[in-house]
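What follows is a set of notes on a single structure, which appears directly below.
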Amino acid sequence: MKFKTKEQEKAYESAMKRDYKAAAFDVDGTLTEFGKFTIPDYVLETLEKVPLDVPLALCTGRPIDFIHGKMDKICNATRNPEEQRRRWWILAENGGAGYYYEPQSEGYVKFFEAPWPSEEIKMEVLEAHLKDKLGWKIQTILRDHTVLVLYSKWMYLFPRVIKSTSLRNSRKIERLLKKRGLDHLLSVQNSGLGTLIIPKTSGKGQAIQKMARKLGIPMKSILCLGDNPQRGGNDEDFLSGDYGTPFSVGPILKKTYPLPVLNEAHVHMSGPKGVVYLLKKLFHI
């Protein structure tokens, strides 16, 4: 493929030479195939081979309780689960809260959170408004820092249907929030599987900034990998170039960032295979 801009080509060359101090990964569509929830064994094997002095982070829209299961699977698939667990960080609910592992308590400790603006708009009120405007067939899940909108189960059997439905409704929700004067408080993000409504003080990019500060490393030395960088996508800020050094294993936009993952034939690689290829290249695995 050709680079979208000359600036992107220069940024790519620089990024491929960078000494990365940490790496952060979106989960759905990045570490897993789109619409699937299991991280393939070949991805787990590659993650284990990343040098132990490089902290790794799951950066996802899912809540901490769900991610505990993912972390168990990742760490228990290695030769030394406890050793691996110590280097993993969790950036949950699209940057709503961040956690690091504390060996003394054998559990995860929260180091930041972005609270829901409940004084201006309660989650339950927003939920009722969404169901009134979008229909009672939508499913809403209220989390600590996020309102999640999902759709009929049958749609998830058809990737194109769920992608188009999620995009269409995400844009409707954006308009609804703007009409109610809530767009200065809340952001709408489309994961391709559903719609996330999060505080403006949240976001994966801001979570990366807080992680870099906690680790005491430059943001640019954090490798960021995701698959949904387009406008309104749940990786938009994460892969914008404002936070970390971003590569996309999904679409490539007509601007400098995110950078493509290119194999030896100069072909852009998507999904988990792109993640594995880039990690092997950058960390000499």
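Positions are given from 1 along the sequence.
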Answer yes if the ring centres of [X] and [Y] are under 6.0 angstrom apart, and no otherwise.
| X | Y | result |
| --- | --- | --- |
| His268 | Phe3 | no |
| Tyr243 | Phe238 | no |
| Trp89 | Phe111 | yes |

Closest contact, heavy atoms only, [X] versus [Y]:
| X | Y | answer |
| --- | --- | --- |
| Gln8 | Lys4 | OE1-N, 2.9 Å |
| Gly244 | Cys224 | CA-SG, 4.0 Å |
| Leu31 | Ile39 | O-CG2, 3.7 Å |
| Asp242 | Met219 | O-CE, 3.6 Å |
| Asp144 | Trp116 | O-CB, 4.2 Å |
| Thr201 | Gln206 | O-OE1, 3.2 Å |

Applying salt bridge (Lys or Arg N to Asp or Glu O under 4.0 Å) to Lys122 and not counting sequence neighbours gives none
For Lys200, does the NZ atom have more than 12 heavy-atom neighbours from other residues, nucleotides or ligands under 6.0 Å away?
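Atom NZ in Lys200 is crowded, with more than 12 foreign heavy atoms closer than 6.0 Å.
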Crowded around Lys131 NZ? As in, over 12 foreign heavy atoms under 6.0 Å?
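Atom NZ in Lys131 is crowded, with more than 12 foreign heavy atoms closer than 6.0 Å.
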Hey, is [X] close enough to [Y] for a salt bridge, meaning N to O under 4.0 Å?
| X | Y | value |
| --- | --- | --- |
| Arg85 | Asp72 | yes |
| Lys281 | Glu264 | yes |
| Asp237 | Lys204 | no |

Between [X] and [Y]: side-chain donor-acceptor atoms closer than 3.5 Å:
| X | Y | answer |
| --- | --- | --- |
| Asn234 | Glu236 | no |
| Tyr12 | Thr256 | no |
| Glu113 | Tyr99 | no |
| Arg18 | Ser221 | no |
| Asn190 | Ser166 | yes |
| Gln189 | Asn94 | yes |

Report yes or no: is the cationic atom of Arg160 (NZ for Lys, CZ for Arg) closer than 6.0 Å to the six-membered ring centre of Phe158, at no more than 45° off its axis?
no
side-chain contact (heavy atoms from CB on, under 4.5 Å) assessment of Val249 paired with Met269:
CA-CA 6 Å; Val249 290; Met269 300 185 70; over 6 Å; no
Are [X] and [Y] side-chain neighbours, meaning at least one heavy-atom pair lies under 4.5 Å?
| X | Y | answer |
| --- | --- | --- |
| Thr140 | Met123 | no |
| Tyr277 | Thr46 | no |
| Leu177 | Leu126 | yes |
| Met16 | Leu259 | no |

Following the transitive rule for hydrophobic clusters with a side-chain heavy-atom cut-off under 4.5 Å over Ile, Leu, Val, Met, Phe, Trp and Tyr, establish whether [X] and [Y] coincide in one cluster.
| X | Y | answer |
| --- | --- | --- |
| Leu58 | Val109 | no |
| Val161 | Ile138 | yes |
| Leu239 | Met211 | yes |

Between Val54 and Leu56, does the side-chain contact (heavy atoms from CB on, under 4.5 Å) criterion hold? Intermediate values first, please.
CA-CA 6 Å; Val54 177; Leu56 305 178; 4.2 Å; yes
Sequence neighbours excluded, which residues qualify as side chain to side chain donor-acceptor pair (under 3.5 Å) partners of Thr146?
Glu93
By side chain to side chain donor-acceptor pair (under 3.5 Å) - contacts of Glu102 (at least two apart)
Ser105
Rounded distance (nearest 0.5 Å) linking atom CD1 of Ile197 with atom CZ of Arg143
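Taking CD1 in Ile197 and CZ in Arg143, the distance rounds to 12.0 Å.
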Atom pair CG/NZ of Asp19 and Lys220 - distance to nearest 0.5 Å
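The CG atom of Asp19 sits 15.5 Å away from the NZ atom of Lys220.
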Please report the C-alpha distance between Thr60 and Ile67 in whole Å, then the side-chain angles of each, then the deciding distance to 0.1 Å, and finally whether the side-chain contact (heavy atoms from CB on, under 4.5 Å) criterion is met.
CA-CA 9 Å; Thr60 172; Ile67 303 171; 3.3 Å; yes
Is the backbone of [Y] close enough, under 3.5 Å, to the side chain of [X] for a donor and an acceptor to pair up by distance?
| X | Y | answer |
| --- | --- | --- |
| Tyr156 | Leu193 | yes |
| His184 | Gly181 | yes |
| Ser202 | Gly95 | yes |
| Asp227 | Gly250 | no |

Step by step, work out the side-chain contact (heavy atoms from CB on, under 4.5 Å) result for Thr5 and Lys255.
CA-CA 6 Å; Thr5 65; Lys255 52 185 183 179; 5.6 Å; no
Between Phe25 and Trp88, what is the ring plane arrangement, given parallel below 30°, perpendicular above 60°, and tilted in between?
tilted
